[in-house]
Amino acid sequence: MLDLLAKCLSDFEGDYAEMRFHQRESTYIRMAAGELEDATFLKNAGVGVRALVNGSWGFSSTNVLKVDAIRSSLKDAEKAAGVASQNRTERIKGLAEAELAKGTFCPTVNDPAENHSMEEKMNLVIEAEKTAKDESKNVRSAISVYSELIDRKVVVNTDGAEFELHDVKPEFYVYAIASENGDRVGAMKAASVTGGWKDLWRRNEPEQLALDACNLASRLLHAKHPKGETATVVLEPSLVGLISHEAIGHTVEADFVLSGSITKGKLGHKLASELVTLVDSGNPEEDSHGTGSVLVDDEGVPAKRTKVIENGVLKSYLHDRESALMFDTEPTGNARAFEYTDEPIIRMTNTYILPGDYSMDEIIEGVKEGYLMRGAGNGQADSNAEFMFEVDEAYMIRKGEVKELLRGVTISGQAFDVLKSVDAVGKDFLLDIGVGFCGKYQRAKVDGGGGAIRCKAIIGGRQEG
Amino acid sequence: MQGHHWWKTGGLKMLDVLEACQYAVKKALELGATEAEGFAARGKEINVSIERNGIKMGKSQDLSGIGIRVILNHSLGFASVNDLAKEEIVRAAENALGLARRAPPLEFNELPDVKPISKVEGLYDPQSRDFTMDDALENATRLLKVARDYDPRVTVDSGYFSVDVGESAVANSNGTEASERACAFTHVIMGMAIEDEEVSSFDYRFNGTRRVDEIDVETSARTLAETVVNSLGAKKIESFKGTVVLNPNTVVDLLAPVIAFSTNSNAVQKGMSRFAGRIGERVASEAFTVRDDGLIAGALGSSSFDREGCPHQPLHIIEKGVLKNFLYNTLTAKKEDRETTGHASGGISGPPRIATTNLIIEPGNDSVDDLTAETKKGVAISRFSGAPDPISGDFSGGVKGGYLIEKGEKVSPIKETLVAGNVFELLKEISGISKETERIMNFIVPWVRLENVSVTSA
C-alpha cells in the first residue's frame with residue numbers, strides 16, 4: 001500500500017499533497033430490554049487525498065484501491081483546491097516543518113480484542129444487560145453495548161511522511177433505566193480504551209459496571225434535584241477531563257483561536273490557578289491507554305506532550321502543520337480525520353490536568369458545604385469558555401463529609417474562572433471521559449481526565465416557587 | 001402516480017444500487033439466510049467549507065456502500081461495506097450471517113411484505129446534475145459575505161455549503177424492491193461577535209433544500225449575524241421562575257427530541273418512554289398539535305419509501321394536546337400485531353431504527369411579537385446549550401443569545417443564565433404559539449411560549 005500511494009503521488013506538482021489509506025473494521029453489539037437490537041460488522045476502506053494548490057486546500061477520496069482511481073482522486077482534489085482558491089482571501093503560506101514519521105506504529109495492546117470471538121462479545125453484552133435488569137426491582141429496562149474500532153492507516157505525503165499506523169479502540173457501556181410511578185431516570189457506567197481486552201477491563205469487570213449502573217439508576221429515582229447556586233465543587237477526574245476537553249481544550253485549538261476564541265492573544269497570560277497544569281498528549285506517560293491516544297497524527301507528526309497551561313499560565317495552542325506555521329511554532333500532532341472520506345483537522349487527543357498532592361479525603365475534608373461530582377454526561381461549551389455539563393452522579397458535601405445523592409444536576413460557569421478558583425488538585429490520576437465521540441464536523445475519539453480538583457462553579461437546578 | 005413501479009423508468013445507473021441490493025439478497029439466501037434485505041446508496045458530495053472568515057477547502061467525492069440485514073431463524077445479523085463490488089457484497093453477507101448464527105432469536109424479527117408506494121415529488125432536482133464546485137463556492141462565499149457585511153463585529157468561525165446528489169435502493173427476500181434519486185443542498189454557519197475584549201455567545205444556523213432555486217443561505221447568515229451582535233453587552237440577571245419564549249431553533253433542540261423519543265414505539269415497548277400506555281390521554285396544552293409527514297413534496301425529511309421499503313404514513317402524534325400515535329417500523333409493529341407506520345430510518349451502516357421524518361408543530365394564533373408583548377417577565381431564547389434527557393424529560397442548560405423580557409419589552413441581552421425544568425411538565429405549560437413557522441431542515445415549527453420555567457443566574 002505504501003508503494004502504491006507513493007507511486008500515485010510521484011508526479012504531483014503542487015505545493016503539497018497527502019494520501020491516506022484508512023481501513024476501519026468496526027463491530028457494534030447492542031442489547032436493550034432483553035432484545036438484541038444490533039449486531040453489526042462494518043468495513044469502511046479507501047484513500048483520502050488532500051492537496052494544497054495555489055494556497056488553498058482541496059480534498060477527494062476513493063474506495064477503489066488502484067492507481068488510476070487514486071490518481072483521479074488526486075486530480076479532483078487539485079481541481080477542488082483550484083476552485084476554492086479563487087475566492088480565498090488569505091492564501092495558505094505553507095506548512096510548518098516537522099520530523100515526519102516513517103515506519104510502523106502500534107499501540108500497546110494487552111490481549112487483542114480480535115482474538116476474542118464474536119460469540120464471547122455477544123455473550124458479554126447479553127449477560128451485562130441481564131445483570132443490570134435483574135439486580136433491582138426498579139430497573140426493568142437496560143441497554144448494554146460493546147463496540148470496537150480497528151483501524152489501519154497508511155499515509156504518504158510529499159514532505160516525506162511514510163508510515164503505517166495501527167489502532168484499536170474497544171468500548172463498553174451499560175445504561176440502566178429505573179422507573180417508579182411514571183418517573184424514569186437513567187444511569188450509565190462505561191469502559192473505553194486504546195488497547196486490548198485486558199486493558200478494557202483494567203478498572204472494572206463488565207458485571208461490576210452493570211451492577212453499578214443499576215444501583216445508581218435505582219438510587220437516583222429517590223434523589224432530589226439540587227437548588228441553583230454557586231458553590232464549592234469537587235470534580236472527579238471524569239469531569240476534570242470533560243472541562244479540560246470541552247470548555248478549555250476547544251478554545252485552544254489553533255483554528256478556533258484564529259477565528260477569535262477567548263484565548264486569542266493570551267499566550268503567557270495567567271488564566272488558571274498555579275496548581276493547574278493542563279496537557280494534551282497522544283501518548284500520555286501517565287496512561288497510554290487513553291481513548292484519545294494516537295501515536296502519529298494524519299499529517300505524520302508523532303504524538304507530542306503539549307503543555308497547554310503550565311502552573312496556571314497559557315503556554316501553547318494545539319496545532320496542525322498549517323496553524324503551526326501561522327503561529328511560527330511546531331505542530332503538536334493534533335491533525336486527525338475520522339474516516340478516509342474526511343480531511344484532517346485539529347482535534348484533541350487525551351486532554352488532562354496533571355495530578356497534584358492531595359488525597360481525595362483531604363480534598364473533601366476542606367469543604368463546609370458543596371458538591372462532589374462524578375461521571376460526565378452530555379455537555380456543551382462556548383467560544384468564550386462558558387460551559388454547561390450534565391453530571392451523572394452528584395452528592396452534597398457537608399462539613400467535609402459526602403452526603404445525599406442528587407439528580408438532574410448540571411455544572412456550568414466560565415471554564416477559566418473555574419480553573420482560577422482551583423485550590424486543590426488530587427494525586428490520583430485517571431483518564432476517564434467515558435464513551436462516545438467528540439463532534440467538530442467530523443467525529444473523533446478523545447479522552448480526558450486528571451487528578452480531582454476542588455473549585456467553584458455554578459450548580460444548575462430548579463428554582464422553586 | 002398510481003403506485004406502480006415508477007423507478008423502473010429510471011436510467012441505467014439507477015439499477016446499479018437496486019441490483020446491488022438484489023444481489024445481496026440472493027447471495028445471503030444462498031448462504032443460508034431465512035430472510036435477507038439489502039439497502040444500498042451511491043452518491044456524489046461537493047462541499048466548500050469556510051474557516052475564520054474565509055474559504056477553507058473544496059471537497060468532491062463519490063461515495064457508495066451497502067448494508068445487508070439477514071435473519072436466520074429469527075436471529076439478526078447485519079454487515080456493511082463501502083463498496084458495491086460483488087465480492088465485497090458476498091463477504092458482507094457472510095459477515096452478517098456469522099453474526100446471526102450467534103445472536104439470540106427474537107420471534108418478531110421478520111422483514112416487511114411488499115407494500116405499494118407512490119412517488120413523492122420534488123426530491124430530485126434535475127438541475128442538481130449540473131451543479132458544480134464553482135456553484136458551491138459561490139454559495140459558500142455568499143453565506144460568509146452576508147454575515148460579515150451585516151456587521152464588522154461578526155466573526156464566522158466555520159461553516160460550509162454542501163451538495164449531495166445520490167440514489168438509494170432497498171430490496172428484500174419478500175420481493176420488495178424500490179429505488180429513488182434525491183438531492184440536497186445544505187449549509188451551516190457558526191460564529192460569534194467580537195468587540196474589544198468581549199466575545200459574544202457562539203451561535204449557529206443551518207438549513208437546506210432539495211431545489212436549486214430554493215437555496216437560501218442569506219437568511220441563515222443574517223439571523224446568525226443578528227443574534228450574535230445582539231448578544232454583545234449581555235448582562236447577568238436575577239434568578240426567577242417564569243415565562244420563556246423559545247424560537248424555532250430552540251423548539252427543535254429542546255422539545256422535538258423528547259417528543260420524538262417518547263413516541264418512538266421501540267422506546268415505548270421497552271419501558272423507556274414516559275408516553276407508554278398513554279394514547280388518548282392529555283399530554284400537552286390544548287393548543288399543541290404535532291404531526292409527522294414523510295410525504296411532503298420536496299421536503300428534506302421526505303422520501304417515497306422508508307429504510308425498509310415501506311411508504312411513510314402521515315400521522316398526528318399529538319392532536320390538541322392529546323397523545324394520538326406512536327411511530328413504528330416493521331419489527332415494533334409485529335410485536336403489537338399491527339402495520340408499520342413507515343418510520344424505519346437509517347442508512348447503510350446499521351439495521352433500521354425508528355425516527356421522525358418531517359416533524360411539524362402546528363402554528364398558533366399569536367404573532368411572534370404578541371408572545372413577547374404579553375409577557376410580564378420572562379426570557380427569550382435563541383439557542384439552548386444542552387440536551388434534554390429524553391427519558392425523564394429533565395433539562396438544564398445555557399441560554400444563548402437570550403433576552404430579558406419585562407413588561408412586554410425585550411430589555412437587554414443576558415449572559416450566564418441557565419434554564420431548567422422538565423419537558424413533559426412544560427408541554428402542559430404552553431401559553432402561546434406563534435402563527436409564524438420556520439422550516440429548519442426536516443422540522444417545521446413555530447415559536448412557543450412556556451410558563452413556570454426555572455431561570456437561574458450565576
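Each chain gets a letter, A, B and so on, in the order its sequence line appears, and its residues count up from 1.
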| field | Part of A/I92 lying under 4.5 Å from any heavy atom of chain B | value | neither
| Max heavy-atom pair count under 4.5 Å with chain A, selected residue of B/T132, B/V81, B/L137, B/V199 | B/L137
| Under 4.5 Å from a heavy atom of chain B, the part of A/S61 involved | both
| request: Heavy atoms only, distances under 4.5 angstrom: which of B/D389, B/V48, B/I194, B/D134 has the most pairs with chain A? Name it, please. | output: B/D134
| remark: Under 4.5 Å to a heavy atom of chain A? For B/L106 that would be side chain
| Residue A/K266 versus chain B: region with a heavy atom under 4.5 Å | side chain
| query | For A/E343, is it the side chain, the backbone, both, or neither that has a heavy atom closer than 4.5 Å to a heavy atom of chain B? | reply | both
| Part of A/E119 lying under 4.5 Å from any heavy atom of chain B | both
| Heavy-atom contact with chain B under 4.5 Å, split by part of A/L42 | both
| Side chain, backbone, both or neither: which part of A/E120 has a heavy atom under 4.5 Å from chain B? | neither
| request: Below 4.5 Å from any heavy atom of chain B, which atoms of A/F389 appear? Answer side chain, backbone, both or neither. | output: neither
| task | Counting only heavy atoms closer than 4.5 Å, note whether A/I126 contacts chain B via side chain, backbone, both or neither. | result | side chain
| A/E37 and B/N266: side-chain donor and acceptor closer than 3.5 Å? | yes
| task | Go through the atoms of B/R353 and report whether side chain, backbone, both or neither lie under 4.5 Å from a heavy atom of chain A. | result | side chain
| field | Engaged part of A/M122 at the chain B interface, taking heavy atoms whose separation is under 4.5 Å | value | side chain
| By a 4.5 Å heavy-atom criterion (distance strictly below it), what part of A/R30 contacts chain B: side chain, backbone, both, or neither? | side chain
| field | Engaged part of A/F387 at the chain B interface, taking heavy atoms whose separation is under 4.5 Å | value | neither
| Shortest non-hydrogen contact from B/G271 to A/R184? | O-NE, 2.8 Å
| task | Against chain A, label B/K145 side chain, backbone, both or neither, depending on which of its atoms sit under 4.5 Å from a heavy atom there. | result | neither
| request: Identify which part of B/S349 has an atom lying under 4.5 Å from any heavy atom of chain A, answering side chain, backbone, both or neither. | output: both
| field | Part of A/A77 lying under 4.5 Å from any heavy atom of chain B | value | neither
| Side chain, backbone, both or neither of B/M272 within contact of chain A (heavy atoms, under 4.5 Å) | both
| said: Between B/R91 and chain A, with a heavy-atom cut-off of 4.5 Å, which part of the residue counts as in contact: side chain, backbone, both or neither? | reply: side chain
| Heavy-atom contact with chain A under 4.5 Å, split by part of B/S75 | neither
| With a 4.5 angstrom heavy-atom cut-off, which part of B/I348 approaches chain A: side chain, backbone, both or neither? | neither
| query | For A/D342, is it the side chain, the backbone, both, or neither that has a heavy atom closer than 4.5 Å to a heavy atom of chain B? | reply | both
